[in-house]
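The structure under discussion appears below in the form of structure tokens.
Everything numeric in this text was worked out from a predicted model, so none of it was measured.
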Amino acid sequence: MTPYQILRSPLVTEKSSIEKEKTNQLTFEVDRKANKVEIRRAVEQLFNVKVVGVRTMQVRGKVKRFGRTLGKQRNWKKAIVALAKGEHVEFFEGA
């Protein structure tokens with residue numbers, strides 16, 4: 001898999017923004033089959049930074065109701081990537 005296939009999209013939420021500022025951690029939606037080593041390599045290649053650690057979690061899709069019928073959101077995988085001290089990614093910086 002290429003780094004672009006592994007890292008699907010950045011997750012920019014209030015919680016991830018606080019993590020970014022306080023602990024220098026980035027949050028991504030990643031491919032469900034990707035492991036921690038692949039995620040680390042993808043972030044290091046794409047953003048030219050040193051990764052200290054990667055934490056992953058499987059997020060279950062919620063069951064939602066659409067009128068009389070039930071639907072389900074898709075399952076996905078989230079990765080929290082800790083960067084080395086002094087490293088930063090311009091993509092996440094404000095304009």
Sequence neighbours excluded, the answer for side chain to side chain donor-acceptor pair (under 3.5 Å) partners of R74 is E29
The residue among V30, L7, I6 that forms side-chain contact (heavy atoms from CB on, under 4.5 Å) with E38 is I6
The side chain to side chain contact (heavy atoms under 4.5 Å, CB included) partners of E21 (sequence neighbours excluded) come to none
Check: residues 65-73 side-chain donor-acceptor pairs under 3.5 Å, at least two apart:
{"unit_1": "R65", "atom_1": "NE", "unit_2": "G67", "atom_2": "O", "d": "2.9"}
{"unit_1": "R65", "atom_1": "NH2", "unit_2": "G67", "atom_2": "O", "d": "3.4"}
{"unit_1": "T69", "atom_1": "OG1", "unit_2": "F66", "atom_2": "O", "d": "3.0"}
{"unit_1": "K72", "atom_1": "NZ", "unit_2": "N75", "atom_2": "OD1", "d": "3.0"}

> Do you reckon F28 sits in the same ILVMFWY cluster as M1, going by side-chain contacts under 4.5 Å, direct or chained?
Replying inline: yes
Please output the side-chain donor-acceptor pairs of residues 39-54 that fall under 3.5 Å, not counting sequence neighbours, one pair per line with the distance.
{"unit_1": "R40", "atom_1": "NH1", "unit_2": "V51", "atom_2": "O", "d": "2.9"}
{"unit_1": "R40", "atom_1": "NH2", "unit_2": "V52", "atom_2": "O", "d": "3.4"}
{"unit_1": "E44", "atom_1": "OE2", "unit_2": "V51", "atom_2": "N", "d": "3.3"}

Heavy atoms of A84 and N24 approach each other most closely as O-ND2, 3.1 Å
Exercise for the section: Flag yes if L26 and V37 sit in one hydrophobic cluster, no otherwise; membership is Ile, Leu, Val, Met, Phe, Trp, Tyr, and two members link when side-chain heavy atoms are under 4.5 Å apart. Expected result: no
Fill in: Student check: side-chain heavy atoms of T27 and K20 closer than 4.5 Å
no
Any side-chain heavy atom of Q58 within less than 4.5 Å of one from R32? yes
R8 meets the salt bridge (Lys or Arg N to Asp or Glu O under 4.0 Å) criterion, sequence neighbours left out, with D31
